[in-house]
Amino acid sequence: MRKKKIADSVIFVALSAGAVFMIAPLLWMLSTSVKQKSDVFALPPVWIPNEFDFSKYAEIWTAGPLLSGIQNSLIISLSVTIVGSFTSSLAAFAFAKLRLKNKNALFLLLLSAMMIPYPSLMIPQFSMFAGAGWIDTLLPLIIPPIFGNIVMVFFLRQYLINVPNAVIEAAKIDGTSFFGIFTKIIFPLIKPAIAAQFILWFMAVWNDYLAPIIYLNSPDKLTIQLVIANFNATYAIQTDYPLIMAASIIALLPMLIVFLIFQKQIIESIAISGVKG
C-alpha cells in the first residue's frame with residue numbers, strides 16, 4: 001500500500017507539472033491581452049498587470065475583418081463536421097456491418113489514401129477548383145470534406161466492430177431497413193465516439209491555415225486563422241501584442257465552447273464498449 005501511495009503521488013506530481021506547462025501559454029496569452037504595451041517585454045515578466053486594459057477587445061473589431069473571419073470559419077467548420085460526421089458514420093457502418101463484396105479491399109484502399117501527402121495534391125486540386133470557378137469562395141474548403149473523413153471512418157469502424165451482429169440481424173428480421181438500423185440502433189450507440197471525433201475534426205478545420213491561404217483572397221472571404229495571421233504581420237511590427245493576443249483569445253472561444261458541450265460524450269467514448277443495456 002505504501003509503494004502504491006508513493007507511485008500515485010509521483011504520477012500526480014508529474015501530471016500536475018505537465019498541466020502547468022500546458023496551461024501556462026494560454027494564461028500568458030490571456031494576461032498579455034489585458035496589458036499595456038510596455039508590460040509585454042517587462043523583466044521580470046508581468047503575469048498579472050497592475051491595471052487591466054480591456055480596450056483591445058473593442059479595438060480588434062475595427063482593426064481587421066475579425067467578425068467576417070469568425071463567420072466564415074464557423075460556416076466551414078460546422079458544415080464540414082456536421083455533414084461529414086454523418087457521411088463518415090454511414091461509411092463506417094457499411095464497412096463494419098454490411099455484407100459487401102471486396103469491402104475489406106476497398107477499406108484498405110481508402111486507408112492508403114492517408115499516405116498521400118497533401119502538398120502533392122495541392123496543384124491538381126487548385127487546377128480543378130479553378131476550372132470550376134470556385135477560387136476565392138468557401139466551396140473548395142466545404143465540398144470535398146463533407147463526403148467523409150478517413151480517420152473518422154477508421155475510428156468508427158473499429159468502434160462498431162464491438163457491436164454484436166445479433167442486434168442488427170434482429171432488426172432486419174423485424175423488417176427494419178439498413179438506414180433505419182443505422183438511425184435507430186447504430187447512431188445512438190456510437191454518439192460518444194462521434195462526439196470525440198467531431199471535436200478533433202472541428203479543431204483541425206478551425207485551425208486550418210494552408211488550405212484557406214491557397215483558395216481565399218478577398219478580405220471578406222478570409223477565415224479566422226488568416227485574419228489572425230494578417231493581424232500578426234501588421235501589428236507585430238508596432239509591438240501591439242495585446243491586440244494580437246486579444247484577437248487570438250476570441251478565435252479560441254468557439255473551440256472551448258464545442259469542447260465544453262461534448263466533454264461528457266468524450267468521456268463516454270472511452271468508458272463505453274459494446275451495447276448499452
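Because only heavy atoms are used, hydrogens play no part in the values below, and waters and symmetry mates are left out as well, while side chains stay in.
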Students often mix this up, so state it plainly: with edges at 30° and 60°, are the rings of F126 and Y215 parallel, tilted or perpendicular? parallel
What's the shortest heavy-atom distance between V34 and P49, and which atoms? O-CG, 4.0 Å
Parallel, tilted or perpendicular, judged at 30° and 60°: which one describes the rings of F54 and F52? parallel
Shortest non-hydrogen separation from L160 to A96 and the atoms involved: CB-CB, 3.7 Å
Filter on side chain to side chain donor-acceptor pair (under 3.5 Å), then keep only pairs touching residues 99-127, sequence neighbours left out; what's left? none
When rounded to the nearest 0.5 angstrom, what distance separates CD1 in I181 from CG in L98? 8.0 Å
The reported gap from CZ in F202 to OG in S77 (rounded to nearest 0.5 angstrom) is 4.5 Å
Tightest non-hydrogen contact, residues L222 and N72, listed as O-ND2, 2.9 Å
Interatomic spacing from CG in N50 to NZ in K35 - rounded to 0.5 Å: 11.0 Å
Between atom OG of S248 and atom CG of L30, what is the distance when rounded to the nearest 0.5 Å? 11.5 Å
Please report the closest heavy-atom contact between K56 and S33, naming both atoms and the distance. CB-O, 4.2 Å
What are the two closest non-hydrogen atoms of F129 and P144, and how far apart are they? CZ-CG, 3.7 Å
Let me check something: any side-chain donor-acceptor pairs from residues 86-95 under 3.5 Å, sequence neighbours excluded? List them with distances.
unit_1: T87; atom_1: OG1; unit_2: V83; atom_2: O; d: 3.3
unit_1: T87; atom_1: OG1; unit_2: G84; atom_2: O; d: 3.0
unit_1: T87; atom_1: OG1; unit_2: I146; atom_2: O; d: 2.8
unit_1: T87; atom_1: OG1; unit_2: G148; atom_2: N; d: 3.4
unit_1: S88; atom_1: OG; unit_2: G84; atom_2: O; d: 2.7
unit_1: S88; atom_1: OG; unit_2: N149; atom_2: N; d: 2.8
unit_1: S89; atom_1: OG; unit_2: S85; atom_2: O; d: 3.0
unit_1: S89; atom_1: OG; unit_2: F86; atom_2: O; d: 2.7

Over all heavy atoms of both residues, which pair between D208 and L210 is shortest? Give the atoms and the distance, please. OD1-N, 3.4 Å
